[in-house]
Every structure is written in C-alpha cells, then in structure tokens.
Amino acid sequence: MTHWIIAPIVLPAVMAAIIVMSMRHHVLLQRIFSIAGLTAVIAIAAGLAVQASTGVIEVYDLGNWPAPFGIVLVLDRLSAMMVLLTAVLALVVTVYAAGTDWDRRGNHFHALMQFQVMGIMGAFLTGDVFNLFVFFEVLLIASYGLMIHAGGTRRLRAGLQYVVFNLLGSTLFLFALGTIYATTGTLNMADLAVRVSEIPQSDIALIRVGAVLLLTVFAIKAALLPLHFWLPETYAEAPAPVTALFAIMTKVGAYAILRVFTLIFGPDLPDIADVVEPLLLGAALITITIGMIGVLGSNRLGRLAAFAVIGSMGTVFIGMSSFTPETTTATLYYILHSTLSTALLFLTVDMVRERRMGSSDGYASLPAFRQQGLIAALFFAAAIAMAGMPPLSGFVGKLLILKSVWPLPGAGLIWAVILVTSLIAIVGFAQGGSAVFWKTKAPEESAEPADAPAEAAPEPAQGLAFTAAFSLLAGIILLTVFAGPVTSYLSATTGQLYQRQGYVDAVLTGPERVGGDAGYGAKGHGDADDGHGETDTHATEEGH
Amino acid sequence: MELLLASAIGVLTAGGIYLVLRLRSFPVILGVSLLSYAVNLFLFASGRLVVNMPPILSDDAAGYTDPLPQALVLTAIVISFGMSAVVVMLALGAYLSSRTDEIDIDDPDPIPEAEPGAVE
Amino acid sequence: MLRKLLPHPLLTLTLIIVWQMLVNKLTPGNLLLGLILGLVIPFVTAAYWPNRPRLRNPLAIIEYTAIVIWDIIVANVEVAYIILFKSNANTHPAWVTIPLDLRTPEAITVLAGTITLTPGTVSSDVSACGKALLVHCLDAPDPDAVRDQIKDRYERRLKEIFE
Amino acid sequence: MIEYALLFALACYGAALLMNIYRIVIAPGVGDRVLALDTLVINIIALITLFGIHQSSTMYFEASLIIAMTGFVSTVSYTRFMLRGDIIE
Amino acid sequence: MDTGGNFLPIIAALPFVGALIPGVMIRAGRTACATYTFMASALAFILLMLSAPAVFRGEVLQFQLEWLPMLGLNVNFMLDGLGLLFAGLILGIGMLIILYARFYLSREDPMGQFYTYLLLFQGAMVGIVLSDNILLLLVFWELTSLSSFLLIGYWKHLPEGRQGARMALTVTGLGGLAMIAGMLILGSIVGSYDLSVILQHKELIQASPYYLPALILILAGCFTKSAQFPFHFWLPHAMAAPTPVSAYLHSATMVKAGLFLMARMWPVLSGTPEWFYIVATTGLITMVLGAVIALFKDDLKALLAFSTVSHLGLITMLLGFGTEAAAIVAVFHILNHATFKAALFMSAGIVDHETHTRDIKRLGGLRHLMPVTFVIVTIAALSMAGIPPLNGFLSKEMMLEEASHTAWLSNPWILPALATLGALFSVAYSFRLVAHVFLGPKRDDYPAKPHDPAFGMWASPAFLVVLVVLIGLMPNLIAGPLVDITAAAVTGGHPHAHISHWHGLVPAFWMSVAAILGGALFLSLHGALERGWNAAPRPEAKVIFDAITRASTRASHWLTDTLHNGSITRYGAIFAAAITAAGLFAWFESPMSAPTREMLPINAIMAIGWVLLVISTGCIIAFHRNRILSLVLLGVIGLAVSMAFVYFSAPDLALTQISVEVVTIILLLLALNFLPGRTPVESGMPRRLRDAVIAGAAGLAVGGLTYAILLRDFAAESISAYHLANSYKGGGGKNVVNVILVDFRGFDTFGEIIVLGIAALVIYALTKSVLRGPGGRWLLNWGPDDDEAGDRHPLMMVVVTRVIMPIALMVGAYIFLRGHNAPGGGFIAGLIVAIALLMQYMASGFAWAEERQRYHYHAMIAAGVMTAAVTGMGSWLAGRQFLTSSYGYIHIPPIEEFEWATAMAFDTGVFITVVGAVMLALHSLSSMSRRTGEQVNIHPMDVDPGRGAAPADGKEA
Amino acid sequence: MFVEILISAGLVISGIFGIVGSFGLIKLPHPMMRLHAPTKATTLGVGGALIASMLYFGLIERDLSFHELMITVFLFLTAPITGHFIAKTHIHRNENKDSLPETGTARPWATFDHPQQEQEQPEQQS
Ligand code: NA
Ligand code: NA
C-alpha cells in the first residue's frame, strides 16, 4: 500500500498551515520552508511519475470507501505528468518570488502559494467530478489572494473582475454537476464513464446539456473564447511570479477537458462528441486568432504576454478538439511547452517592470536598464518559444499539431489559421521586444531624478531570480532536445487515455486499488460482506 | 411543487444575472449572491424533491430523501460563503484604493506616446 | 481562586439547565457534559463579564416572573385591540421619562426588558448617565400613570432583587 | 380539530408574511424595514414550528432556534448600521 | 554510410559553439574575442575541407540521428556537392567577415553581441545546407530569420535598423511559415521527411494533388528569403545593418538560402510547367526590376542591395528553366556572385567607414585617395557587369545563352529580350559604381578625409577579388569540379560544365555586346534618366509595407481593445449569452421523452415562500440602487431558501443557509459602511433591456432545465443508496448528510475548510495591503456621511449579551456534538460560535472584545486545517487510507455509553477553521474602521450608572 | 379531547396574534407606534405556537421536549433589545432633543450624547 499519491495534496496543505501558524512573521523562514517543501513535492511527484510510467493506473480510495461511493484519487500517466509539471513550476516561481522580494510585498504569499499548489494537485489527481470542483475552488481562491498580492489600485480592480468572472464560472460548474448528477446519479468519473455510455436515449438531452456546461466551465479556466475575458487584465496586472504560476492554471482547464471528454464523454459517444468537437474547434480557432491579434495589438509587455497565453491556449485546443491519439499527443507536448514558456515570458516581463521605474512595461521608450542584455536574451527566447519559432519547443509542438491534424477534415483551414496567426505573433513580439529592449532613450534625456523615488525600484537579488528564469529556459531546451523520449511518454499517455476501460476497471474493480476490499471490512462496525455486496449489486444493475 | 421550485430557480438566476451586469460592485455582489442561491437550489433539486423524509436514519422513517446532493450543497454553500467574503472585501479594497466602485476598467491598454514617423 | 474558576455561578446553573433543555434527555452522561460545559463556557468568557452582579433576593425573581408573564398576556390583548379596533385618531401615543433608582446595569436591563414586553410600552433609550429611561407608550392618555405604575410594579421589585 | 387549528394558524402566518414583505418593500423609513424583517423572521419561526406539528417531526427545532439567534443578530446589525455605520466598532 | 558523415553534426554545431565564445571571451579583449570566434569558423571549415575529397569522389556523406520519430524530425545531415559549395561559401566568407568586422566595428559597438549573432547565423546557414531532413532544415531556416533579425537590428539605436530588422523578419517569417506548411505536405506525400528519401520520389510528388500547394508554399519560403519579386523590398532596408552583416547576409548566405532550397528541391519539384512559370517568371521580373532600381539608387549599399536582388532573380530564373544546363549555370553564378558581391559590400563598407557617407552623389574621385579600394571595387564591379574575362562574365554569358533558347508562353522573344535588358542595366549600375564613386575629379567636401584603411580591413575583399580573377581566368580548373559536383547534386545526374570564354557568335554573344554597349550608353544618359525616374510615379515598397504593418497593428489594437475594453459587465453579458446559447444548442439537438415522475402537490406554505422569494427578487432588481434595502431583501430571499430546505427534508442545509446568511449580511453591512449607500443610475434603457433579455433567457433556460430534471428519475440508481445503507454501520452516524461530509466525502470537506481558511487569509492580506496603499491614507481622513448616534455600546445590549453569548456557545457545542446523528456538525457549530462571538463584538466593540480574546485567529485557522489533516493522516498509522474513519463506544460504568468517532476529530478541525476564518475576516474589517480614527473603549458599555462619576464615554488614549 | 382543545386554542391564539402583529405593522400611522405591534403581538404569537408545539409533542406524540421553551425564552430575551435598537434608530433619525421629554438628569438621552471629538488616534492593530 502506498500513500504517496496523496502527498502532493496533503503536504502543501500542511506546510501552508505550519507557515500560517508558526512563521507568519518570518519571511526568511517561510522561504526556506516553502522551497524545501516544494523540493520534497518534486521528489514525490517524480517518484509518482516513474511509478505511473509502468502503465499501471493506481487508485487511492479516500476514507477507504470503495469507488464510486467515496472519493478516489487516480494516478495515471497524465495526472503524474501534470503533477510533476506543477511541482517544478511552483518551485521555480517560489524561488523567483524569493529572489525578487515579491513575497515580502504583501502577507501570506508562501501560504497562499502552497495552498495554490495543493488545489492544482488535487485537480489533477482526483477521480471525482465534485471533488474536482472543490479543488478548483481551492486553487481559485488561492489564486485570488495571489492575484491581488501586494495590492495596488489597478491590481485590485483587475482582481475584482477576475474574482467576479470566476464566481460566475464556479456557479456554472455547479449547474453542470447538478445536471450530470441528476441524470446519472453518480459523481465518480469512472462510474460516470460507465453510466454515460449506457444512458437511455430519453436522457441524452440532459446529459448533453451537462456535458456542454462542463465544457464551458473548463473553457473558462482554459481561456477559450468567448469565455477568456478574465485573462488579459488578470495576467497583465497580477504579480509576475503569480502569473508565471498561472501558466499551469489555464492548463488545469485543458487537463479537465481532456480528462472528462476522453473518459466520461469520450469521442466514441457520437451524441456528445457531435456537439462538443465542433464547439471546441470553432472556439479554438477564434481563440488563437484573437490571442495572436492581441499580441500584435498590445502596447504593454504584460498585455502582450497575456494575449500570447490566449493564443497558446487556442493552439492547445485546436489540437485537443479532434480527440485522436495523434492530436492528443501533440497537444500534451504543447501543454508542457506552453506552461514553461508562458512562465518564462512572464518572469521576463517582470524583470523589465522591476527595472523600469514605476512598473512600466509599456512600449514608450525609456532609458536602458540594468542587465538589459541578459533580460533581452531571455525575452527573445521566451518570445520565440511562444511564437513557435525554432529551435525551441514551441516550434516542435506546433509542427506536431500541424502534422497530427493533417488527416482530419478542415485541416487546410486549421493550418492556415495556425500559420497566419504565428506570423502575427512574430510581428507582435518583434514590435514589443524592439520597442522595449532596443528603442531605449539615452538616460540623460529622461533623467528626472526628482520624480523617481528610490524605493520604487528595490534592488532585486539577482541570483535567485535569474536562476529561476534560466531554469525555465533550461526546461524548454530539455523539452526540445529530448522531444523524442518525451513524445513517446506522451504517446503512451494518450494510449492510456483512450483506453478508458483500463481506467474504469482500475477504479471500479481494479486490483491496484490501495487497500483493496479487505481493508473495508476493518472499519469500526463496518462489515466487509455488506460493502462488497453493495458493490456487486451495483455492478449487476449496470449490467442490464 | 416542482414547477414552483423550477420557476423560483429561474427567477433567481435571471435576477442574479441582471444584477451581475450592473456597473457598480455592490449590485454585482448582490447578483452573485442570487446566483449562488439559484445554483444551490438547483444542485439540491438534482436529488429530486421529497417532503418530510430527512436523511436522518431512524427506525420509523418511511424513507429518505437523497442525502448526497444535500452534502454537495453544504459544501457549495460554504465555499460560496468564502468566495462572497473575498469578493466583498475586494470590492471594498478596490473602492478604497481607487475611490470608485465602478467595476469596469477604462482603457486597459493605453497607447504610449509614439516615436514620430516610426512604425513602433 | 474559586471566583476565577467559577466566575458566574448563576450563569453556570443556567447553562446546565439550557443543556438539559437542548439534549432533552436527562441522563448522567448528559448531566456531566452539561456540567463540564457549564463550567468551561463561563470560564472562557469570563473576561467579557468582568463584574459579578449581586442578587440579594433570588426568590423574588419567581414572583416577578409571574407578574411579568401575566402582564405580557394582558399587553398582547390590549395591543391587539388597539390595532384591530381603535382608530388611529383615537390612539394617543406618548413619550415617558422614567427616572431610575436602579444602578446596576443588569437590573436596568431587566426593567427595560420588562417594559418592552408589557402593555403598550417600549423602552427606547436611556439617558447618557444611565439615570433615566425613555419609554414610548402606544396609547397613554395619562403618561404619569404609566411612569408610576412602572416604578411601583417593576422597579421596586427589581430593587429588592438586585440592590 | 388540531388539524383545522393548524391550518388556521398556517394561513394567518402566511398572510402575515405577505404583509411583512409588503412593509419591507414599501416602507416610510429604514427602521420600518428592519422592523418588518424582524417580524418576518419571527413569523417564519412560528411557521416552522407549525410545520413541525403538521409533520409530527421535531427535526425542525434547531432551524427555529438558529433562525431566532441569527434573526436577532441581523436586526441588531441593521440598526447598528443605521445608528453608527460601523456595526462592530 | 560513410563515417566521414560524422563530421557533419560537428560542422553544423561548431558555429553555435562559437556563438557562445564571445560571451565568455569578450572580457579578454576584442582581438582575442575575434580570434577565437574566427577559430570556431575555421575549424568548421577545416572539417568541411576534410570531408570535401569524398564529395569530389562522388560520395554523399550522411549522418543520422533520431530526434523526434513521432514527427519524422531527425538530426540527419548530408553533404553532397551542393551542400559543399554552400557550406564552403558560408564558412569561407564567414571567416573573411569575422576578420573584416574586427576592424570595421567601432569601440562603442558591442562586439561580443555581434559575433554571437553572426555565428548563430552562420550555424543556421550551415545547418540549412547540410540538413538531410526537411524539418531539421526548417528549424535552421527559421533560425536564419531570427539571427538575421538580431544582426540587422544590431544598431538598435537606429530606427532604420529596428524597422529593417522587423521588416526582414516579417517577410522571411511569412515565407518560413508558408514553407512549414509546404514541407509538411511534401513529407506527408512521401511519408518521410528525410531529404534523401524525398529526392527519390519525383513521380510520386508530382503526381500528388498536393503538389501544387506544396510547391507554392515552399516557393513562398524561397522567394521571400531570396528577395524575389514581390518580396524583394525588405532586402534594401536590411542595409541598415553594419556592413559586415550586409556583406555576409546579402552576398553569400541568407538570400542564397532560398536559392539553395530551390536547387535542393530541384530534382523533385522542377520540370513541370507550374515550376517553370512560377519560378522562371518570378526570377525574370526580379532580375530586370532589381537592375533598373539599382541604377537609380544613390546609396552605395542600396545600389548593391538591388543589384543583389537582380542577381538573385537571375539565378532563380535559371533554376526555373528546369534544364540541366541552366542548373549548371545557376550553380556557377551562385559561386561567382558570392565572390564579387561580398567584395563589393565590404568595399562599400570601407568607403562608408572612411568617408562617413555612402551617398554616391557626395562621392567621386576617390581613385586617387583610396587606390587599393578602387582596384578591388573596379575588378569586382566589372565582374558584376559581366566584362570578360572575369568570373561574372562567364556565368552571365551562359545565362544569356540559356535564356536565348527558352520560350515563354510559346513566345521565343520575350525571355531573351528581357534577360538582355536586365544585363544591360546591370552593366549600367556596375559602371556607375566605379565611375561615380572613384572616377572624376577629387572633391573637397567629403564628410571625412578618406584614405585606404588598414590591411586587415581590405584583406578580405582583396582575397575575394583574387578569386574573381582566378575563376575568371581558369574557370574549369578552379571552379569546374565544384560546379560539376554541385550541379550533379542539383540535377541528380552527372552533368559536366563546359565553361569557356568564347562560345562563338551565338545569340548570347550579341546579347552580351548589346548589354555592355547599352549599359555604357545608359550610364552616360544617367542624369536625364534619373530625372525621368524621379518624376515617374511608382509604388514605394517600404511605404506600402509600413502602411500595411501600421494598419494591421492599429487594427489589431483596435480590435483587441474593443473586445477587451475592461468592461466586465460586457464580458459577463457575453458569458451569460454564450453559455445559454451553448446549453440550448445541446438541448435542442435531441428529443426529450415524457416525464417519469409524479409531481408533488402545491402546498400553500411553499406557495407563500415562493411569493416571498419572487417578490423579493423582483424588488431587489427594481430597488437595487437602495443598497440597504437590497440587503434586507437579500435576507428575505435567504430565509425563503431556508424555508425551502426545511420543507424539502434538508434540515442541515437550512441550518447552514441561515447561519451563513447572517454572517454574509454582516460582512456586507461592514463593507457598506464605507461604500456609497446608493447606486447611481448609469445604464440607459437599451442597455437595461439588453441585460434583461439576456438574464431572462438564462433564467428561462435554467428554470426549464430544473423542471426537466425534476420530472424524471435518475437514469441509474444514485450512489447515495449506498450512503444511506452504510452510514450507520460503516460511518457510525445516523445523519447521513453529516457522515457524507465527514466520512464518505470527507476529502471534499477538507478542501472546503481550506477554501474558507484561504478566504480569511486573503481578506487579511488584502486589508493589510489596502491600508498600506492610497486606500489607507484616504481612510485616515474618512468620516461617515450621516452623523453617528451616541451610545456606541448600549447598556442593554451589553448586559443581554453576557447571558446570551454563553447560551449561544452552548448551542454551538450542542449542534457540534449531535452533528453525526442529527442535523448539525462542525461547520454550523463553528458559525454559531462565530455569531455568538460576533454578538459580543457588537455589544462592546471589536477591539475591546479582541483584547480579551485568548486565541489568535491565524493560528486557529491553521490549527483547524492541521487538525483535519492530522486526523486524516492518523489513518496511515493504522495502515489505512487518508481520512479512513473509525468509531466505537466507551463504557464508563457509572455513567453510560459514550460514542467516539475519528470523524468527530475531523469535524473539530472544521469547527476551529470556521471560527478562525470568520473572526479573522471580521478582524480585518474592523482594522479598517480603526484606521478611520475610531477609538477603542476601555469600558464594555458607554452608559453605566454604576460607574459613578467616570465619564460615560471613556475612551482609551 | 381537552388536550386537543388546549393545543387548538394555542394554535388559534398564535395565529391571531401573528397576523395582528403584522397587520399593525401596516395599519399604525407612526413608526414608534408600529414598533409596538410586532414586538408584542408576535411574541405571544410565536410563543403560542411554541407552547402548542410543546404540548402537542409532549401530550400527543409522547415526546416531551423543552426545545420550544428554549426558543421562547430566547425570543423573550432578545425582543427588548431589538425593540430598543429600532427605537434608537427612530430617535436618531426622526427625533431631536426638543421633540423628546427631558431626561431629568444632567445628561441628554444617550442617542444624542455626542462626546466631543478627541484627537486622532493612530491605527491599532494586533
Ligand atoms: Na461541509
Ligand atoms: Na469610524
């Protein structure tokens, strides 16, 4: 029996509690503790990924209640990968925040960060749709706090919009879950998969509404048009380390769509796929277009980066919309790439803001700043990654997606959209980069020392911040260099994803379930036969 | 009875959405609250409606209502309570900082003064 | 020491009774639990009730309670009559000032509460020094009578109980 | 007999609730609104109690108790708000 | 496979390694930096030369390494004649440029960056020509666009540099993207992305329906890179780069990449009419147009740039002919052009460097001042003009020969005539270059005093000019074998180049004569022609490009800002409309069957509840501007909802709803103390109507959905049957909802309390940061709108609270303890306790009460979460999963049986968290009030007759 | 039978006072007068219902509980406070020192008692 699956969720929660309880006045302690904890989480996540790579789907029955009656955590290749990605990103972001003193500019940064990690991990690991909602809320509310960390008028107003929009999203999530539960009578994803596939024709309309509502919920998180409106202001105004962490948040939406619409509402259910796939593809094409046009139409690096995120999510969903193994593999690769690149881009933007007085990331020409060359190089790398230029992973990812959609209907349109928007993005990045990094004023031109308060730009501790940024870059490079092994892992992941009977069996009947049936009998006054009997009854009911 | 509940949920939803679309933070918060009532009732209704069969085990009970949606709604109520508290405080914070409770932000991306004659 | 551990014995007693009323099942276990809670809660909240009011004559409480309950019933009938059958023009509302002899906040509160719960009167304010009570009467053609009745019927008895 | 008395009482409180909501919406002053709300809360307590008799169930006692408690707190909050602005200063 | 192929990745990698050198070496000094950078290129060149013999023997060296098998992207390199020629040019001229740049760049220029960019570019170019995989080629291809962007924009302080760089990137990026598509199509036709495989499938490719799209897309890449009409305009603007860059990019390398690729794909793509008409025509137009424009350019580098355009057109045209002979000529001219054009660019740089101007109108007579430069330029220019016996003559003559017998749309005259015209202008501008810069009288108004530069600077062009002469004199000896193997690689056959100075009185001879004489004539008429040229209206490419770029940027900005204008209310409207539409779309696509459930009869109580709810909702909408009234109405709705929960058998929900309700209202009231009391009228009737329509539609949809659900049963039995069956025997509780919360789905609750805890932390942090910011400063001067009533802490309230609060705490304990078996539980109990504390805080003030508070709220939240977590982890000790519950009974003889359950411990965590969270939120709000100067009382009540003479409003200082 | 009559009477009385209280809220002309209606009539109204409930469960269902008594006590404890605060609100908003009778003491009614503003005090946070 192994309890490691739950560690990525419980460990951050406990760490956050300890930070709040005993070290809320000591930032240095918080940093050490937070970084050490995340390192441990990475180690655990890596172990889980190795475990998952054997292809065995591991199931953890919380409270020792068998699925579908209790909540289960499910570790498969996909969730293991996302967990590891999250852990790595969180560590990098925390290091950056510590290196730039971002964590000192408000209260509870590290605790919120840990809670945020907990929420994201939970969302990736859970095998229960309502529990998914709960973890969405955990990650959202932590993100609200992080988004408005350090305050500031503009940030608070943007934060208010972010919260309001997501409250609407959470409401919608519950509507979707209500509809799905009302139709199927279950919340467990594997059980849902079984029940939805056997749904009588008379309930198809209801389950379709549930599926579409759920899709829109995840689409909000994933910033799919026309539900993306929360993103530009949020990303442009949030503290940079937070935005960098948010790189994984859009992916939570993508992950959820991938999970739910392969497992529960799989592509083999024409009644649902006929609605979902065109919606998704249409939205994705508009998303990438509007995102990349936004890259060109921005006047601030922060906003540019935000729209670049939207564009990259469009790319993700173009890949995802057709639900074939090839496209899904390509999409997964692109998700990995996009997470790291987005984070890098935002850290770079922050480095610029920090060095240009008054947090200005606008395109107006300002005096050159410290370490401009190095930061320009980082920005350049992030930009080519985001725009999908070689030699970084964005290019590889884009090629994978282009190639994988080639056999599908509408490939010509998809290709045209992806390529044309790439060009728009290239031009946009070139404009922004050249305006900020090249078009600098001579310092004496704008020297108005009276107006520039010394404390406005605290001297950042460079080492840690650059370490964080360069480790993201290193990640991108590794992802590119080892694209072969990575894609073969991802192919296997996709294989597992489309082999949904494997998931269903593992959760509902599988031998891998920790503790197994034997454990159940050991409950207080519980009784093995009864519990087992229930399961059996249930199974026979589904049989007819 | 079902019709009453369904129409009440519809009315709450409509009212909530209408208020969410107002221009000041306070009505928006009211709207969000109405929506959370609506959705809590909706989630509750997913277990169907039963009178006088509370999910408390007893020997002489004629039957029980579906307990699961109730548990879900409880969780949802608590979560939306936390969320409401945050949004209220955030609205207050934004108001105190910016001296306006307008919820829209004007001109999110101002054009910086351009270099004359350059496409930059 | 005992004062610290048992800051408000009467409160403890009340709480034990309240507990029994809540659990509605008189068992040794419940009694014990009630006792524990009845001791712990006043201890924990003692800081919020810094001084302990003296009760000179606890038994007088019973008489007082009986009078008040009777007055409440009468009050309700009277008020219902006024609402239902008396025209608004014939109703004579009035403000009445009640000079207070009571000095303990607890006693004043009980008096004010009684006034509100009884015929056609609402205690609306106290003077800033706490030595007068402002009462509003729904229908009081003779305000002085109201004042005298209150002082005689309630305040006198409370004075006996508390001071 | 109890059944009819119960129906009578239920009807009375139903009508009372409608009057309360009328007074809440159409009121000369804010104080009246709070007063009407307070009354509404108390009427609802009565209604729930009657409903408990109707269903022969004691399950609803806690609801009444807590409504009584919260109704008190909210009335005090509203009035404090009108008196002082800040309710927990 | 030849092991010699193992050098190939090293050759390709060396420049990239070299690109890192300046970063490390720059502090060692400029010369050292240049030297080491040079050595990287040199080493690559040497390795290339070591591989050359095998290529000359006719072998194709290969190296293969799988990179991304799923994509077909392999690190495959090959070296054949074509690759050798190009790699040689790239590395060879690259070394010369490194040398030249060392002297050209001034002290202010960051040399390290320059070399880094240059070598990146070099590596990309080498990669292109060595790639044996078209996807790998694409990688390098795009890298050249990126690195040239950096090189062209190197002088980043110059607007022309930045704009030129972006223009180059845009145009070549456009082509590159098209090429990605083309290459992917090509690969998908063949089933492999390896060039050596693709090159063997001519028939397959040309028969494919995707041939034409692939061809067009790939050519788009080639044409943009090689500045073919109509994409030629970026190249002159790239001249804003330092001259070494121009010399490198526009003679031997970047612009030749397009030609290289056309040559590379020639075996499989050429030979079709499509190929001929697209490629040859484009080349022809480009050749003539470039030459004409070049004649009228006064900027030395611009002249050279357009001449480059023209020559690239020439080569393109030759490749487009699709014949083996033409291909040989193309290859030969590539070599020749590289030599003389690089020399010319470097010389132009020398002139610029020495005279500080590149304007031909300001030059002339330099012959005497800069004799060395003069000689170099003259030889190179004559070669460019096609004057025998220089190498340019040889290939141009051959080109005219090929043109002379190629028909275009069956017309045998057009092509030769235009080719001659192009040659004519070529002669004219080449002569002009020499005549107007070096000949004529010496002037005394040069911006700087010119003289020949140091040897290091003219060594490179001189070396190239020597090559020009040598190839011209001994073409078959020096260039012949190279041309042969290159042409062999291009055509896939075994061609042999017959290069000679005299072909007899063939048409080409007469065309050449006409070109030279005509060119001389045109130069003599230059003044008149120029006036005509300047007077003629013609489209200015840069203006058009800028207009397009600016327009699209503006349009993008407009679109982006119009869509994302910061109006959350509009976003919300779109959100609601979109989701309603999506839901309806899903709904109406399929039929619903008849209801399966019997409906409950309508009950009068609930009908009244319904009326309360609907009226209140309607009134909230109608009167929402009156904020306090809205809150009251919100309270009514909350009560109505609670009534529904009571009625429909959900006592736990009712309790929770009621207690949450009051805390929410209190928070809102606390906030409303600072917020405006009324909402102003802002949205007009159309706007309100729009919102009403959206809201109404969504409301109808939700109502309909609810009704549809309520009319039918579950499709399969709900899992909650199991919960009912196992609640008591498995979870030890009779309140199934509570057992679900703390046991079956305890993990949800764990998340839920964390949400609550986070909410409080967020509120706290938010308050802190607001108080630190402008909000805090404003609060200092804040005063309430209405005057406040006296008596903050009324006596009656304080006294009653002293009794009620302990009772309420008792109720909280009761609700908590019974939760497992009856309605209640940790959450509701927590709220009740919080409300009890709140009563106390309202009675005597937050600060007064807080001073008497023994527990820190932060710690309470954390302790609650920890309690829940530790309870969950406790099951690990028993070898069970997180949150596995356990329960049992304790018998203490004299008393009775006590039930214990671990779920109780978990519920305690819930309880503590709830209390801590609510109190922390209230604490935060009250700290805002204290910021306004609110004072803290020392007495629990304001009015206290028992206090005697003490001032009634005693306040702490 | 007697029990039933008792319970029924309680219910009817409760209903009458409940509706009368709410009716008074509408009928009475002055805010202070309206205050009398519900705080009293409703107290007996709900009290009647609670007593009836207690009797019903105690005597008919044989499940005597003191819960109802608790609620009644609770309402009796809190009703005066509620009334007090609503009255103070009215006094604060609609009355002034002259429209009310004298306190007969040196100090005004507490609602009108505005202690002189003291100096600004720095933020106090824990
Ligand atoms: Na809960
Ligand atoms: Na204040």
Side-chain angles (χ1 to χ4, degrees), chain A residues 69 130-131 133-134 136-138 140-141 144-145 147-148 151-164 166-168 170-175 177-183 185-187 232-233 236-237 294 297-300 302-304 360 362-366 431 434-435 438-439, chain B residues 9 13 16-17 20 25 28-29 31-36 38-48 66 68-69 71-73 75-76 78-80 82-87 89-105 108-115 118-120:
Chain A
F69 312 111
F130 193 82
N131 195 236
F133 165 78
V134 171
F136 262 55
E137 299 305 301
V138 172
L140 277 174
I141 197 156
Y144 301 160
M147 152 85 211
I148 55 173
T153 302
R154 244 194 119 82
R155 186 174 294 143
L156 289 182
R157 295 190 69 189
L160 181 60
Q161 292 201 344
Y162 173 59
V163 175
V164 167
N166 274 297
L167 286 183
L168 296 181
S170 301
T171 308
L172 186 63
F173 203 156
L174 290 176
F175 274 118
L177 292 181
T179 310
I180 288 169
Y181 176 76
T183 314
T186 189
L187 297 167
E233 275 301 293
E237 298 300 338
S298 294
N299 289 322
R300 290 188 285 153
R303 196 162 157 93
L304 171 143
S360 166
Y363 290 177
S365 82
L366 292 170
Q431 278 190 8
S434 84
W438 284 358
K439 203 176 98 181
Chain B
I9 292 173
T13 308
I17 289 178
V20 162
S25 51
V28 169
I29 292 168
V32 169
S33 304
L34 289 191
L35 282 177
S36 77
V39 79
N40 288 340
L41 282 174
F42 178 82
L43 198 54
F44 174 70
S46 72
R48 311 304 190 275
D66 190 341
L68 188 53
L72 304 185
V73 174
T75 305
V78 177
I79 287 174
S80 73
M83 296 287 173
S84 308
V86 168
V87 78
M89 284 304 296
L90 193 46
L92 178 57
Y95 172 75
L96 291 177
S97 302
S98 66
R99 307 295 309 111
T100 173
D101 63 342
E102 283 165 18
I103 196 156
D104 288 349
I105 298 174
D109 190 26
I111 303 178
E113 87 281 25
E115 186 176 279
V119 196
E120 289 188 341

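Just so it is clear: chains get the letters A, B, ... in the order the sequence lines come, proteins before strands, and each one is counted from 1.
- In this structure, CG on B:L35 lies 11.0 Å from CG on A:L174, to the nearest 0.5 angstrom.
- With a threshold of 4.5 angstrom between heavy atoms, A:L160 approaches chain B through its backbone and through its side chain.
- Heavy-atom distances place both the backbone and the side chain of A:E137 under 4.5 Å from chain B.
- Interface remark: B:V20 contributes side-chain atoms only to the contact with chain A (heavy atom separation under 4.5 Å).
- Proximity to chain B (any heavy atom under 4.5 Å) is shown, for A:F175, by both the backbone and the side chain.
- Contacts of B:I105 with chain A are made by both backbone and side-chain atoms, with heavy-atom separations under 4.5 Å.
- Here the closest heavy-atom approach between residue B:S46 and residue A:G178 is recorded as CB-O, 3.4 Å.
- Among B:L90, B:D101, B:T100, B:I103, the one residue that satisfies the side chain to side chain contact (heavy atoms under 4.5 Å, CB included) test with A:R157 is B:T100.
- Of all heavy-atom pairs between A:L167 and B:M83, the closest is CD2-CB, 3.3 Å.
- Taking the salt bridge (charged side-chain N to carboxylate O under 4.0 Å, His left out) definition, one finds that A:R155 meets it with nothing, sequence neighbours left out.
- Looking at B:R99, neither its backbone nor its side chain comes within 4.5 Å of chain A, counting heavy atoms on both sides.
- In this structure, the portions of A:I141 lying under 4.5 Å from any heavy atom of chain B include both its backbone and its side chain.
- Both the backbone and the side chain of B:V87 come within contact range of chain A, each with at least one heavy atom under 4.5 Å from a heavy atom of that chain.
- Note: B:P69 leads B:P69, B:S25, B:S36, B:A45 in heavy-atom pairs under 4.5 Å with chain A.
- Considering only heavy-atom pairs separated by less than 4.5 Å from chain B, the leading option among A:N166, A:I180, A:T179, A:L177 is A:T179.
- Contacts of B:S80 with chain A are absent, with no heavy-atom separation under 4.5 Å from either backbone or side chain.
- Partners of A:F173 under the ring pair (Phe, Tyr, Trp, His ring centres under 6.0 Å) rule, at least two apart in sequence or in another chain, are A:F133, A:F136, A:F218.
- The two residues B:V39 and A:T171 have their closest heavy-atom pair at CG2-O, 3.4 Å.
- Using a 4.5 Å cut-off on side-chain heavy atoms (C-beta onward), A:F130 and B:L68 make no contact.
- With a 4.5 angstrom heavy-atom cutoff, A:L168 touches chain B only via side-chain atoms.
- Heavy atoms of A:L172 lying under 4.5 Å from chain B are absent altogether.
- Neither the backbone nor the side chain of A:S170 has a heavy atom closer than 4.5 Å to any heavy atom of chain B.
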